[in-house]
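Only a predicted model underlies this, so the values are computations on that prediction, with no experimental measurement involved.
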Amino acid sequence: MTTTTTWTVANSRKLARQERRRRLGPMAVLSHVALLVWTVLVVVPILWTFLASVKSEDEIFGEAWGLPAKLNWDNFARAWEQAHIGQYMLNSVIVVTFSVTGTMLLGSMAAYVLARYPFRANRPIYFLFVSGLAFPVYLKLTPLFFVVQNMGAVPLVGPYIGLNTHAGLVLVYIAYSMPFTVFFLTAFFRTLPTAVGEAAMVDGASHTRVFFQIMLPMARPGIISITIFNVLGQWNQYQLPLVLLQDRDKWVLTQGIADISTSAGYDQDWSALFAALTLAILPMLVVYTVFQRQIQSGLTSGALK
């Protein structure tokens with residue numbers, strides 16, 4: 001009896017897989033091939049970078065795909081100490097922490113109001129935010145430089161938010177990330193049920209309390225997803241700090257790696273360059289791996305609801 005039941009279940013699963021393949025047709029095969037090609041294009045360069053980070057320069061240029069004779073951990077020491085990657089990484093952590101916090105706080109509040117409170121200027125304000133997605137960062141660099149430069153002339157706070165300041169870069173990162181944050185979270189807040197918030201307001205809760213204690217926890221999947229996207233985008237940002245930070249002591253990680261790349265052409269320290277790239281990649285790889293399920297949940301919650 002047990003054998004018959006097992007055979008019936010296995011046969012049902014086989015028929016279900018065949019039916020699924022029949023319905024999807026050749027598109028399923030093409031999608032799997034495309035995903036496989038994309039995986040190879042992404043994974044192979046990362047693995048090669050990790051491998052090159054523990055090789056000597058002769059091994060990098062002599063046997064690019066071969067294993068190193070020994071693990072040269074001193075590559076990381078040179079990148080950390082001589083190239084000051086440690087200081088640049090600390091600067092990046094400080095800037096990204098404050099900018100992502102500000103982005104998520106302001107972006108979530110703006111998105112909640114635009115999603116839940118109808119008023120005359122609702123749609124124009126929403127489209128004003130979304131229009132920021134239409135302009136590439138390269139078109140903003142020159143006017144942005146003068147805006148931040150003029151911010152340095154503001155009484156009292158000017159020296160802290162002008163050029164060559166981390167606070168000024170944080171403000172620019174927040175403004176840079178707001179369009180996509182508001183666009184994403186507005187759509188997400190619209191999918192949340194309103195009954196719980198309305199019941200809380202009937203019980204005397206203020207709008208602020210409803211947002212922070214009820215709606216924000218309900219929007220946790222979307223909040224985590226957009227937070228990770230902002231962390232990745234701001235951590236890898238290069239053009240904005242390149243324009244706004246000229247003081248070497250205040251450089252962020254991407255500027256430090258670019259400096260190693262430039263000097264490597266003369267000093268031939270390519271091993272330290274790949275070690276620095278590995279140090280820049282690993283934190284973001286860990287973050288994405290840890291929060292992978294939350295990211296997928298946040299991206300699909302709106303569609304499922």
Non-neighbouring partners of Val37 that pass side chain to side chain contact (heavy atoms under 4.5 Å, CB included), sequence neighbours left out: Val33, Leu41
Path from Val96 to Leu105 over hydrophobic side-chain contacts below 4.5 Å: yes
Test item: Ser177 side-chain N/O and Ile174 main-chain N/O as donor-acceptor pair under 3.5 Å: no
Within 6.0 Å of CZ in Phe183, more than 12 heavy atoms from elsewhere: no
Leu144 and Leu240, any side-chain heavy atoms less than 4.5 Å apart: yes
Main-chain N/O of Ser56 paired to Glu59 side chain as donor or acceptor, under 3.5 Å: yes
Tyr88/Val252 under side-chain contact (heavy atoms from CB on, under 4.5 Å): CA gap, chis, key distance, verdict: CA-CA 5 Å; Tyr88 300 148; Val252 294; over 6 Å; no
Residue pair Gly66 / Leu51: nearest heavy atoms and the distance that separates them: O-CD2, 3.7 Å
Flag if over 12 foreign heavy atoms under 6.0 Å of CZ, Phe146: no
Polar side chain donor-acceptor pair, Gln237 to Thr254, under 3.5 angstrom: no
Reported CZ-to-CD1 distance for the pair Phe274 and Ile60, which is rounded to 0.5 angstrom: 5.5 Å
Any donor-acceptor N/O pair, Gln82 side chain to Ala77 backbone, under 3.5 Å: no
Hydrophobic cluster membership, Val93 vs Ile228, 4.5 Å side-chain cutoff: yes
Within-4.5 Å side-chain heavy-atom neighbours: Trp80 and Leu279: yes
Smallest separation among heavy atoms of Ile46 and Val42, with atom names: CG1-O, 3.3 Å
Shortest non-hydrogen contact from Gly107 toward Val182: O-CG2, 4.1 Å
Candidate pair Met109 and Leu106, rule side-chain contact (heavy atoms from CB on, under 4.5 Å), full reasoning: CA-CA 5 Å; Met109 290 192 294; Leu106 299 176; 4.1 Å; yes
Nearest non-hydrogen partners of Pro221 and Phe188, listed with the distance: CB-CZ, 4.2 Å
Main-chain N/O of Trp235 paired to Ser92 side chain as donor or acceptor, under 3.5 Å: no
Trace of the side-chain contact (heavy atoms from CB on, under 4.5 Å) decision for Asn72 with Ser271: CA-CA 9 Å; Asn72 296 277; Ser271 300; over 6 Å; no
Minimum side-chain heavy-atom gap Ile125-Phe119 below 4.5 Å: yes
4.5 Å side-chain heavy-atom contact, Tyr112 and Val210: yes
Side-chain donor or acceptor of Arg190 paired with backbone N/O of Arg116 under 3.5 Å: no
Distance in Å, Ile257 CD1 paired with Ile85 CD1, rounded so as to fall on 0.5 Å steps: 5.5 Å
Sidechain-backbone polar pair: Gln255 side chain, Pro241 backbone, donor-acceptor under 3.5 Å: yes
Check: Met215 and Val196 side chains under 4.5 Å, non-hydrogen atoms: no
Interatomic distance, Met178 atom CE to Leu185 atom CG [nearest 0.5 angstrom]: 9.5 Å
Thr165 side chain reached by Tyr160 side chain, heavy atoms, under 4.5 Å: no
Met89 CE to Ile94 CD1 distance, which is reported to the nearest 0.5 Å: 13.0 Å
Cluster link Ile223 to Phe98, ILVMFWY, side chain under 4.5 Å: yes
Pair listing, side chain to side chain donor-acceptor pair (under 3.5 Å) test, anchored in residues 129-150, at least two apart: Tyr138-Gln239
Any side-chain heavy-atom pair of Leu114 and Phe129 under 4.5 Å: yes
Criterion side-chain contact (heavy atoms from CB on, under 4.5 Å) on Val148 and Leu171, from CA distance to verdict: CA-CA 9 Å; Val148 178; Leu171 294 177; over 6 Å; no
Asn164 (side chain) donor-acceptor with Gly162 (main chain) under 3.5 angstrom: no
Pairs flagged by side chain to side chain donor-acceptor pair (under 3.5 Å) wherever residues 201-218 is involved - sequence neighbours left out: Tyr117-His207, Arg209-Gln213
Selection residues 231-250 - residue pairs positive for salt bridge (Lys or Arg N to Asp or Glu O under 4.0 Å), sequence neighbours left out: Arg248-Asp259
Tyr126 atom OH, neighbour heavy-atom count above 12 within 6.0 Å: yes
Hydrophobic cluster identity match, Trp65 and Phe50, side-chain contacts under 4.5 Å: no
Heavy-atom check, side chain of Tyr176 versus side chain of Val137, under 4.5 Å: yes
Heavy-atom pair with the smallest gap, counting every atom of Pro217 and Phe211: CD-O, 4.3 Å
Euclidean distance, Tyr238 OH relative to Leu242 CG, rounded to 0.5 Å: 4.5 Å
Minimum-distance pair of heavy atoms, taken over all atoms of Ala115 and Phe189: CB-CB, 3.7 Å
Contact list for residues 180-189, test side chain to side chain donor-acceptor pair (under 3.5 Å), sequence neighbours left out: Thr181-Asn230
Mutual orientation of the aromatic rings belonging to Trp270 and Phe61 [parallel < 30°, tilted 30-60°, perpendicular > 60°]: perpendicular
Contacts of Gln87 that satisfy side-chain hydrogen bond (donor to acceptor under 3.5 Å, both in side chains) - sequence neighbours left out: Asn91
Joint cluster assignment, Leu128 & Phe135, ILVMFWY side-chain distance < 4.5 Å: no
From Ile161 atom CD1 to Met151 atom CE, the distance as rounded to the nearest 0.5 Å: 4.0 Å
